[in-house]
Undergrad: 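Sending over a structure as structure tokens; questions will come in a sec.
Within every chain, numbering begins at 1; the chains are lettered A, B, ... in the order of the sequence lines, protein sequences first and strands thereafter. Quick note: numbers below take in every heavy atom, side chains included, and nothing from hydrogens, waters or symmetry partners.
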2 protein chains.
Amino acid sequence: MRNARPQSRLDESLLTNVPPFSKLETRQIREILDLASSRRYSEGTTVFQEGEDADRFFMLLDGYIRVVRITPGGEQVIALHIPSGQLFGIAKALGHTTYPATAVTAAESIALSWPTRLWEQFVTEYDGFASETYKTVGIRVAEMNNRIMEMATQQVEQRIAKSLLRLINQTGRKVATGIEIDFPITRQDLSEMTGSTLHTVSRTLSAWEKQGMVSSGRKRITVCEPHELVLLAEATG
Amino acid sequence: MRNARPQSRLDESLLTNVPPFSKLETRQIREILDLASSRRYSEGTTVFQEGEDADRFFMLLDGYIRVVRITPGGEQVIALHIPSGQLFGIAKALGHTTYPATAVTAAESIALSWPTRLWEQFVTEYDGFASETYKTVGIRVAEMNNRIMEMATQQVEQRIAKSLLRLINQTGRKVATGIEIDFPITRQDLSEMTGSTLHTVSRTLSAWEKQGMVSSGRKRITVCEPHELVLLAEATG
DNA sequence: GACACTCTTTGCGCTGGGACAAACAAATGG
DNA sequence: CCATTTGTTTGTCCCAGCGCAAAGAGTGTC
């Protein structure tokens, strides 16, 4: 499936013109290249797959790639367009899933490892702190990614459902019958989270209330039928 | 404007129960706390402001905060809800603007510096590489943030305009008269970037073409009146 | 208890843009 | 050169959800 042809000898000139490396000394570039390998992709081919195990970053030297997410309903959303000179495939390193990427044009990348010596020393010495820090960034990125996909493909009702579930999950609690958002939240707030209006949110909650799915009041929302809500949130539009 | 009351003596017990720190030795926690200061915020107050110069991260120990973006038209979009145990205010450190945050409930945070010694050594030694790496992550986060805001507040036409401009800017080229997207792009692609449909994209481009703003063909789009496009993209809903 | 706020609900009309359908046009390939 | 595939345009219909407007319902304060 991977259609790249690894190249054997990597020349320093590959990197000297790419901004992130241009300031480095030759010695440092060599150190990086010793652990790197270069790949070429032709237009339209797969750069990497969903969830692929990446112990490395990729730096795009030439061309464009796009990262794509596919909804449960089969719709595509282009999550990112990455031009040359940027890193990609970093999600895994931040503790999260990577999504499939394809080459928009013929492209060339190199796979890099971090300059390892100091990095490992750093992570080891401050063990929990460093890795948890990265996890935070990873969570943040993953969450934004999800919101983009939702906004692109889902109806307002589903987005509201997702938002409620997210607010509960975020606190680390289980979504259970009778669970309440544990801080005051207004219809206005919810609308600002979902990209809707307070009127529409109000109507939606009213409808849910009639079906017994939630119970809500002023600045307060309690989920009565979490399972129903999950079904609704995951319905394929 | 900042309404926090700094606390003087920081006790280790503050951190020992917070996941990212729980694995650390007392020695390490002390080292972190020596450079940290704690702050309390009451409900609804400002945690930090737009563009505030943050040489530190903040770790939320208790409560909830939200990060808010305000559109040129004055609409609010809730960009993030942050529960306790997570870092916030990291955007600046990743090389990008921070957005204002307020406390949703009474909240407590501590301001941290990175464990500095090794970190500085790391960044210094690999100068360009490390900082540019962070820039990549920062750019990615900022871009996603923008897309969320756009999806929440803008009409399809504006989002298409923004997407085109982004594709051009991303390549590092100036947006100029007659500039062309330098790789083949279909209506379908554009629709997947903007969360629309290929039909709507086609109609929109047709309309623009009639006004002389763009010239487009099969898998090709050229911007004729970049200024018009910018105006359109920035129009307040 | 009365007044002022703030938050929520509901009705109604209107429209952006999605769904469906059907040509049309440009590439590709035998 | 004709056939097929891939991408684009356009028409028609229709509805989710926004905007506007106005009336409840809680909360806080004097």
Undergrad: Closest to the Q155(B) side chain: dT9(C), dT8(C), dG16(C)?
TA: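 Taking heavy atoms from C-beta onward, the closest nucleotide is dG16(C).
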Undergrad: Do T46(A) and Y41(A) have side-chain heavy atoms sitting under 4.5 Å apart?
TA: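 The answer is no, as the side chains (C-beta and beyond) never meet within the 4.5 Å cut-off.
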Undergrad: Rounded to whole Å, please give me the gap between CD1 in I221(A) and P in dT8(C).
TA: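 Rounded to whole Å, this separation is 8 Å.
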Undergrad: Taking NZ from K210(B) and C1' from dT9(D), how many angstroms apart are they, rounded to a whole number?
TA: 9 Å
Undergrad: Using whole Å, what does the distance between atom P of nucleotide dG7(D) and atom CG of L190(B) come to?
TA: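 L190(B) atom CG is separated from dG7(D) atom P by 14 Å.
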Undergrad: Between atom CD in E209(B) and atom P in dT9(D), what is the gap in whole Å?
TA: 7 Å
Undergrad: Protein within reach of the bases, or only the backbone? For nucleotides 19-25 of chain D, mark each nucleotide 5' to 3' as B, S or -, using heavy atoms under 4.0 Å.
TA: BBB----
Undergrad: Are L87(B) and M59(B) close enough that some pair of their side-chain heavy atoms sits under 4.5 Å apart?
TA: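 The answer is yes, as the side chains (C-beta and beyond) meet within the 4.5 Å cut-off.
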Undergrad: Rounded off to whole Å, could you give me the CD1-to-C1' distance for the I185(B) and dT8(D) pair?
TA: 14 Å
Undergrad: Over the length of the helix from dG1(C)-dC30(D) to dG30(C)-dC1(D), how much do the five-pair end axes diverge, rounded to 10 degrees?
TA: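 The two end axes of the helix from dG1(C)-dC30(D) to dG30(C)-dC1(D) meet at 40°.
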Undergrad: What verdict does the side chain to side chain contact (heavy atoms under 4.5 Å, CB included) test give for W208(A) and I160(A), after you've listed the backbone C-alpha separation in whole Å, the side-chain angles of each residue and the deciding distance to 0.1 Å?
TA: CA-CA 11 Å; W208(A) 289 352; I160(A) 296 173; 3.8 Å; yes
Undergrad: Is a side-chain donor-acceptor pair under 3.5 Å present for N146(B) with R166(B)?
TA: no
Undergrad: Whole angstrom is fine here: how far is it from CD in E157(A) over to P in dC18(D)?
TA: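 Atom CD in E157(A) sits about 13 Å away from atom P in dC18(D).
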Undergrad: By the 4.0 Å heavy-atom rule, please label L198(A) as base, sugar-phosphate, or nothing.
TA: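 Since a base atom lies under 4.0 Å of L198(A), the category is base.
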Undergrad: Regarding T186(B), tell me which of base, sugar-phosphate or nothing describes its non-hydrogen contacts under 4.0 Å with the strands shown.
TA: sugar-phosphate
Undergrad: Whole angstrom is fine here: how far is it from CG in L205(B) over to C1' in dT10(D)?
TA: 14 Å
Undergrad: Starting at atom CE of M151(B), determine the distance to atom P of dG17(C), rounded to an integer number of angstrom.
TA: 12 Å
Undergrad: Whether S196(A) contacts dC18(D) is assessed here as follows: a side-chain N or O lying under 4.0 Å from the phosphate OP1 or OP2. Is that the case?
TA: yes
Undergrad: Does R187(A) place a side-chain N or O at less than 4.0 Å from the phosphate oxygens OP1/OP2 of dC7(C)?
TA: no
Undergrad: For the CD atom of Q154(A) and the CD atom of E234(A), what is their distance to the nearest 0.5 Å?
TA: 9.0 Å
Undergrad: Take R187(A) and S216(A) through the side-chain hydrogen bond (donor to acceptor under 3.5 Å, both in side chains) test and state the conclusion after the steps.
TA: CA-CA 10 Å; R187(A) 309 289 186 264; S216(A) 72; 3.0 Å; yes
Undergrad: So F58(B) and F48(B), would you call those rings parallel, tilted or perpendicular, with 30° and 60° as cut-offs?
TA: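 Geometry flag for F48(B) against F58(B): parallel rings.
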Undergrad: Is the H81(B) to F88(B) ring centre distance short of 6.0 Å?
TA: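 Ring centres of F88(B) and H81(B) not closer than 6.0 Å.
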Undergrad: Closest-nucleotide mapping onto DNA chain D: is R159(A) or S206(B) further toward the 5' terminus? I mean the 5' end.
TA: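 Here S206(B) is the residue nearer the 5' end.
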Undergrad: Tabulate below the donor-acceptor pairs under 3.5 Å that side-chain atoms of residues 222-232 of chain B make, not counting sequence neighbours, or state none.
TA:
unit_1: T222(B); atom_1: OG1; unit_2: R220(B); atom_2: NH1; d: 3.0

Undergrad: Do D182(A) and I168(A) come close enough that some side-chain heavy atom pair is under 4.5 Å?
TA: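 They are not in contact (no side-chain heavy atoms under 4.5 Å apart), so the answer is no.
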Undergrad: With respect to the phosphate group of dT9(C), does any side-chain polar atom (N or O) of S202(A) fall under 4.0 Å of OP1 or OP2?
TA: yes
